[in-house]
Amino acid sequence: MTAFLASSTLRYRGPLSALAREDFRRLLDRATGSDARVALRVRELIARVRAEGDQALFELARQFDRVELTALEVPREVCAAALAGLEPSVRDALARAARNIVLAHAPQKPQSVEVETEPGVLVGRRPDPLGRVGVYAPGGRAVYPSSVLMGVVPAKVAGVGEVIVCSPPGPDGLPHPNVLAAASLAGADRVFSLGGAGAVAAMAYGTESVPRVDRIVGPGNAYVAEAKLQVVGAVAIEAPAGPSEILVVADDTANPAAVAREMLAQAEHDPEAACVTLALGDALADAIAAEVERQAERAKRWEIVTSALGSRGAVLTVASLEEAWPFVADFAPEHLLIATASPREDLGRVRNAGTVFLGERSSVAYGDYMTGSNHVLPTAGLARAYSGLNLLDFYRWTTYQRVAPTAAASLAEDVGRLADSEGLFAHADAARAWGRP
């Protein structure tokens, strides 16, 4: 099997070793970069919100959401009513997901550390919860109350002082009821009918109604992603984010239909989603590719699925699993599914991944909604340097140190010498003052 583009649905089909250099680079280089027009427009929107505050936000709602807002903040009772009005089985599922998020994140709480580096020299580090966090909840192609839980619940577990949620308004001037319900269930302190780059700017710099936050988390469209990058100098974000992606490593124990289901589940997120499988042997690769074709034909979000698979969909053959792991490290997927005979053992071979699913029954969908692990994850290969959203994202660290009198006398001359060598003579004087009798 040597042909690529042999599938009517998948862009790449053939041996990994035969993949052309430019195709290999395209699979690895998934960062879309800043569209110049998007970047310029976002810069203008941010400047407008900074200059005009609430007035700009009301006008942006008219322009982009086609709604005349009477208030930016959603009353608590409206959020509570949305939760009460949620279909009971959906409410119970959200509550179960929230409980699992608490259980998965609570053990991540960091601890204070103190060490005596020399006799009389104490160095400490203390974790302090952030004062205020903003969670963005999208309202475009789909509504994601699960993402509200993934942002709000860990922040509350960490002890963040105040958690606000921003989500685009619908025709009634309010975010989607499911978003409001999730915000109420998760314990969000305040909710605002704000979307897009305007919401990011409001959270980053503050307006008359929207408080300035210390960190912004949560997924969004290209304008939201660009806005988060542009406000990094004023506020922290969790990580740059792009379209969803999955990489599957499968051996001959894998069920081709199950692997195809996982590829389609990520493909339906976005036309630019990356869905790749490394299959052990031609027979398995052929079976998986055939299943992808069959399932794609009856997908409910057919246009999005086929666009994604036609752009960045691949079923590639590997001669051995040892051939797969270097590609995994380079690809650094958002989601990695190990569909092999010994997934727990193979986990030890994984270097870079946002999150790993062990065995084909460990569907990515379970992680997206219910296991308690966070689904806000690095994309576009950034798992090489970034981790998924976790409790540490909601803390900053205070370091402190104490030098006892005897230790000061011991340190004084060496510190003075180093300061002199750097030409910082006042530093040297400050150090040596405590070394004199």
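In this chain, numbering begins with 1 at the start of the sequence shown.
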Reported CG-to-CZ distance for the pair L72 and R190, which is rounded to 0.5 angstrom:
10.0 Å
Any side-chain heavy atom of E272 sitting closer than 4.5 Å to one from S311?
yes
Student check: side-chain heavy atoms of V165 and V152 closer than 4.5 Å
yes
Just so I know, are the side chains of Y395 and D128 near enough to count as touching, which here means a heavy-atom distance under 4.5 Å?
no
Taking D214 for the side chain and R132 for the main chain, is one N or O donor matched with an acceptor at less than 3.5 Å?
yes
Minimum-distance pair of heavy atoms, taken over all atoms of D330 and R384
O-CD, 4.3 Å
Would you check if K228 and V232 make a side-chain contact, meaning some heavy-atom pair closer than 4.5 Å?
no
Drop me the distance from S244's OG to E334's CD, to the nearest 0.5 angstrom.
4.0 Å
Judged by atom type as modelled, is there a donor-acceptor pair below 3.5 Å linking the side chain of D393 to the main-chain atoms of E238?
no
Could you give me the CA-CA distance, side-chain angles and deciding distance for L83 and L180, then say whether side chain to side chain contact (heavy atoms under 4.5 Å, CB included) is met?
CA-CA 7 Å; L83 180 59; L180 297 180; over 6 Å; no
Of all heavy-atom pairs linking L321 and A250, the shortest is CD2-O, 4.5 Å
Does the pair V121 and Q401 meet the rule for a side chain to side chain contact (heavy atoms under 4.5 Å, CB included), with working shown?
CA-CA 7 Å; V121 179; Q401 48 222 291; over 6 Å; no
Carefully, step by step, assess L309 and L264 under the rule side chain to side chain contact (heavy atoms under 4.5 Å, CB included).
CA-CA 8 Å; L309 294 174; L264 265 67; 4.1 Å; yes
Euclidean distance, M370 CE relative to S146 OG, rounded to 0.5 Å
9.5 Å
Please check this pair: side chain of R91 against backbone of L86, looking for a donor-acceptor N/O pair closer than 3.5 Å.
yes
Can you find a side-chain donor-acceptor pair between E114 and Y400 that sits under 3.5 Å?
yes
Charged tip of R30 within 45° of F331 ring normal and under 6.0 Å:
yes
Are R344 and S342 close enough that a side-chain donor and a side-chain acceptor fall under 3.5 Å?
no
Exercise: identify the closest heavy-atom pair between L336 and A353
CB-CB, 4.1 Å
Derivation and outcome, salt bridge (Lys or Arg N to Asp or Glu O under 4.0 Å), residues R294 and E291:
CA-CA 5 Å; R294 185 181 69 81; E291 276 293 334; 2.8 Å; yes
Does S193 use its side chain to pair, donor to acceptor, with the backbone of G173 at less than 3.5 Å?
yes
More than 12 non-hydrogen atoms from neighbouring residues, nucleotides or ligands closer than 6.0 Å to CZ on R37, yes or no?
no
Hey, does Q108 have a side-chain heavy atom less than 4.5 Å from the side chain of L392?
no
Is the ring centre of Y366 less than 6.0 Å from the ring centre of F357?
no
Roughly how far, to the nearest 0.5 Å, is CG of L358 from CD of E345?
12.0 Å
Using a strict threshold of under 4.0 Å (side-chain N to carboxylate O), is an ion pair present between R13 and D286?
yes
If you count the non-hydrogen atoms of other residues, nucleotides and ligands that lie under 6.0 Å from CD in E87, is the total more than 12?
yes
Check whether R215 reaches the backbone of I237 with its side chain - one donor and one acceptor, N or O, closer than 3.5 Å.
yes
Do C275 and R312 touch side chain to side chain, with heavy atoms closer than 4.5 Å?
no
More than 12 heavy atoms from other groups under 6.0 Å of CH2 on W302:
no
Without swapping roles, check the side chain of N374 against the backbone of G388 for a donor-acceptor pair under 3.5 Å.
no
Does atom CD of E77 have more than 12 heavy-atom neighbours, drawn from other residues, nucleotides or ligands, at distances under 6.0 Å?
yes
Sub-3.5 Å donor-acceptor pair from the side chain of Y205 to the main-chain atoms of G53, do we have one?
no
Separation of I216 CD1 from Y136 OH (nearest 0.5 Å)
11.0 Å
Checking N352 side chain against A329 main chain: does a donor-acceptor pair fall under 3.5 Å?
yes
More than 12 heavy atoms of other groups within 6.0 Å of R48 CZ
yes
Which atom pair, heavy atoms only, marks the closest approach of P333 to V328?
CD-O, 3.7 Å
R62 atom CZ, over 12 foreign heavy atoms within 6.0 Å:
yes
Could you tell me whether the side chain of R125 reaches within less than 4.5 Å of the side chain of T398, counting heavy atoms only?
no
Between CZ on residue F24 and CZ on residue R26, distance to nearest 0.5 Å
14.5 Å
Using side-chain heavy atoms (C-beta onward) and a distance below 4.5 Å, is L278 in contact with L247?
yes
Compute whether any side-chain donor of one residue and acceptor of the other, for E245 and T379, lie under 3.5 angstrom apart.
no
Just do the side chain to side chain contact (heavy atoms under 4.5 Å, CB included) check on H375 and S147 with the steps written out, would you?
CA-CA 8 Å; H375 76 204; S147 290; 2.8 Å; yes
Which pair of heavy atoms, one from D189 and one from R76, lies closest together, and at what distance?
O-NH2, 3.1 Å
Restricting to non-hydrogen atoms, name the atom on S167 and the atom on P175 that form the minimum distance, rounded to 0.1 Å.
O-CG, 3.5 Å
Measure from the side-chain N and O atoms of S363 to the backbone N and O of A365, and report whether any donor-acceptor pair falls under 3.5 Å.
yes
Going by atom types only, do E73 and S209 share a side-chain donor-acceptor pair under 3.5 Å?
no
When you look at CZ of F327, are more than 12 heavy atoms from neighbouring residues, nucleotides or ligands closer to it than 6.0 Å?
yes
Examine the side chains of Q63 and E59 and answer whether a donor and an acceptor come within less than 3.5 Å of each other.
no
Donor-acceptor pair, side chain of R126 and main chain of S112, under 3.5 angstrom
no
Mind running salt bridge (Lys or Arg N to Asp or Glu O under 4.0 Å) on D346 and R349 for me, showing each step along the way?
CA-CA 5 Å; D346 290 333; R349 298 179 170 88; 2.9 Å; yes
